[in-house]
There are 2 protein chains.
Amino acid sequence: MGSTLKELSKSLGLSTSTVSRALSGREFKRGTTRAQAERIMAQATQLGYEPNGLARSLKTKRRQVVGLIIPDIKNDYYAAAATLVQTTLGEAGYQVILCVTNDDPEAEAAQRRLLREERVAGMVVVPSPHQRNGRVQENALRSSTPIIELVRRSRDSSTDAVLIDDVDAGWQGTRHLLDLGHRRIAVLTGPRSVSTSRLRLNGYCDALASAGIAVDESLIHAGPYRRDAALRATLTLLARDDRPTALIATSNELVVGALQAIMQSNVRVPDELSFVGFGNADWFTLLRPALTTVALPIENMAIVAAHQLLTRIRLADSPGVPTTKTPVVSRYQAHLIVRDSTRQLEMS
Amino acid sequence: MGSTLKELSKSLGLSTSTVSRALSGREFKRGTTRAQAERIMAQATQLGYEPNGLARSLKTKRRQVVGLIIPDIKNDYYAAAATLVQTTLGEAGYQVILCVTNDDPEAEAAQRRLLREERVAGMVVVPSPHQRNGRVQENALRSSTPIIELVRRSRDSSTDAVLIDDVDAGWQGTRHLLDLGHRRIAVLTGPRSVSTSRLRLNGYCDALASAGIAVDESLIHAGPYRRDAALRATLTLLARDDRPTALIATSNELVVGALQAIMQSNVRVPDELSFVGFGNADWFTLLRPALTTVALPIENMAIVAAHQLLTRIRLADSPGVPTTKTPVVSRYQAHLIVRDSTRQLEMS
DNA sequence: CTGAAAGCGCTTACAG
DNA sequence: CTGAAAGCGCTTACAG
């Protein structure tokens, strides 16, 4: 335990230089040096020597660690993202420091700073909602750590981003319900300070407009991404005299809350209410009725984000290249999966 | 970007010692030095100085980073564990490096080594299944990094462990079905090389024995913790002429696979088959029928494990204390939640 | 209170 | 091919 290069070298009667080189593995040209290298490695395992990664990174300025900042790991959606980011980066030899924000901007700022102090090679981040008076993080801006934003885009961001075509996603879910004859369509979204919420809501409004329907603000609930909030909002919605005939929940957590409320209210889906979810957790198909949903290609996106980060890291490492500061932003298409929770509205 | 203590000091006309001390914040006895300290800090933010955590840790030998090794982050059960470990350790000022093994012992060994090279202050690990010829990891043994095992216990382990009373958990689920009059009870477990699988199965066998029922090996499926395996096994079980009247799935992933098979087979629960799950994912109550399940206190356990790790870390830091090598092992009780997926067996 | 100096554990030109 | 030496960016006794 705790043996160092110096101790190892002394026990071998060699210099740290030689031992270091042998251990690095580019040292076996001749038969005689090859034997030497093997002797060194044997002694290393004998002493239980394990190099100090901190010292190495300090010296080489190369770091095989990246940060991942997400709002919530229990959420199936982000759990899927984390898995793929972790796996993809892991295959490239990187370790991942996981940070969970709970959508708290201050927590996120602290975590970003900590990751920078850890000198991570880069970060994948799902940004939290903005604060009211969003003073720009100066250090963050000046920092050269490559960052890829995933799913959500922070205001004034100048980094790469891998996003969903949120407007279209909102449109698709709404359009499906309109096509089934629904007119009073309620929607649950996150706070308007989050890009995805705003844009999905835009899609919803666009779809209504395209059908010549005026937006009824009372059918829109924009709250935090928490199931309890969604539960309460849905309960209220369902208790109205002029109850909507359809409901869209635009994120995983909102789906859970909405479904809980629907069960509590004993409202029958799809007979009394058509329901459209977002995302595509495994258990969606285990429900009866199975959920109609706007599926989001999160796993793909996570892989893309990881690769893009890798690219940025390599770019930042190669000295010659004048780091292109043009952010690369891509948007991936959602697609509707029609199952059993939506149906044609019966004319009454 | 990238400014160092030295640069900062030079720009202030001070020594690095003074600046370092001022930044560390124990430097404001007098009014005059207090002003000095503030001037230093102002300049630090001005230059966007952020200390290099690697250099600091190398020097101080203190590390505010721990490792977390789990089999699968998409699994609700481990996602819950990860969340609580992350949060608890985060509150104590630690960052968490997340490693996912997919139950591959070689991946786990590599990850442990990497974490040791990162000189993490400690680890929480859910061990993978053993390999056939389990050669002991010598370095791991010699290493002094504090480790807490969570949920599963590795063979010959000499570390602390926070576990479930698995025998009792298996007993409870089985006993419930026996009390309802079931005699042909099938069970899905993980590989026998995992402690939880073995012990839960023991509980199952004990319960059968207590009811004077001989164990029928053909009703036991011990496979990998993967839903596709569980799906196939369940399909086979349900296609038998002497189909069991009850089924227990002893982990989250096995529950998902079993339910998929049940739906495919059009077997009605609980009329034709009583079903007992394990764990308590949120969506269990969203199903119809809602799932009867053996709930496991994973969130509590994750918190306990995190605290226990913190304790071990502090112990390892205090030099005087002769590190007690007696492992502390605790087991937490599962508790049965009866919902609608189990019912009295009708005598025919 | 301040600064010069040593050292944490590595890697890597640079001579030999 | 090998070793002595410098240095990555900090912190912390040690004198002054």
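Values below: every heavy atom of this structure, side chains too, minus hydrogens, waters and symmetry copies. These numbers were taken from a predicted model, which means no experiment stands behind them. Here is how names work: the chains are called A, B, and so on, in the same order as the sequence lines, proteins then strands, and each is numbered from 1.
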**Asked** Say you draw a straight line from CD1 of I73(A) to OG1 of T83(B); how long is it, rounded to the nearest 0.5 Å?
**Response** 6.0 Å
**Fill in**
Separation between OG1 (T18(B)) and CD1 (I40(B)), nearest 0.5 Å, reads 6.5 Å
**Prompt:** Whole-Å distance between dA4(C) P and L14(B) CG?
**Reply:** 11 Å
**Asked** Just how far, in rounded Å, is P of dG9(D) from CG of L23(B)?
**Response** 16 Å
**Fill in**
To the nearest angstrom, the CG-C1' distance between L54(A) and dC10(C) comes to 10 Å
**Side-chain N,O (T18(B)) to OP1/OP2 (dT2(C)) below 4.0 Å** = no
**Asked** Among V65(B), I97(B), V66(B), whose side-chain contact (heavy atoms from CB on, under 4.5 Å) with L115(B) holds?
**Response** I97(B)
**Prompt:** Where do Y49(B) and S11(B) land on the side-chain hydrogen bond (donor to acceptor under 3.5 Å, both in side chains) test, with the steps shown first?
**Reply:** CA-CA 12 Å; Y49(B) 171 71; S11(B) 84; over 6 Å; no
**Message:** Regarding dG9(D), can its base be found pairing with the side chain of R119(A) as donor and acceptor, where the two atoms are less than 3.5 Å apart?
**Reply:** no
**Asked** Can you tell me how far P of dT11(D) sits from CG of N52(B), to the nearest Å?
**Response** 10 Å
**Item:** Straight-line distance of N52(A) CG to K61(B) NZ, nearest 0.5 Å
**Value:** 7.0 Å
**S15(A) vs dT2(D): side-chain N/O to OP1/OP2 distance below 4.0 Å** = no
**Asked** When S128(A) is tested against each of E106(A), Q111(A), E108(A) for side-chain hydrogen bond (donor to acceptor under 3.5 Å, both in side chains), which residue passes?
**Response** E108(A)
**Message:** Just to be sure I follow the notation: if a pair is Watson-Crick (purine N1 to pyrimidine N3 plus N6-O4 or O6-N4) or a G-U wobble (N1-O2 and O6-N3), each under 3.5 Å, what dot-bracket string does DNA chain D give, with | for pairs to another strand?
**Reply:** |||.||||||||.|||
**Asked** Is there a side-chain polar atom (N or O) of R62(B) under 4.0 Å from OP1 or OP2 of dT12(D)?
**Response** yes
**Asked** In whole angstroms, how far is the C1' atom of dG3(D) from the NZ atom of K10(A)?
**Response** 16 Å
**Asked** Rounded to the nearest 0.5 Å, how far does CD1 of I147(A) lie from CD1 of I69(A)?
**Response** 7.5 Å
**Asked** From R312(A) CZ over to S144(A) OG, what is the distance, rounded to the nearest 0.5 angstrom?
**Response** 12.5 Å
**Item:** Side-chain (R63(A)) to main-chain (E118(A)) donor-acceptor, under 3.5 angstrom
**Value:** yes
**Message:** I need the CG-C1' distance between L8(B) and dC10(D), as an integer number of Å.
**Reply:** 13 Å
Polar pairs (N or O, both sides) under 3.5 Å between protein and nucleotides 5-8 of chain C?
from, atom 1, to, atom 2, distance (Å)
dG7(C), N2, K59(B), NZ, 3.4
dG7(C), N3, K59(B), NZ, 3.3
dC8(C), O3', K61(B), NZ, 3.0

**Asked** How close or far is atom P of dG3(D) from atom CD1 of I40(A), stated in whole angstroms?
**Response** 9 Å
**Complete:** Between CZ of R39(A) and P of dT2(D) the distance, given in whole Å, is 11 Å
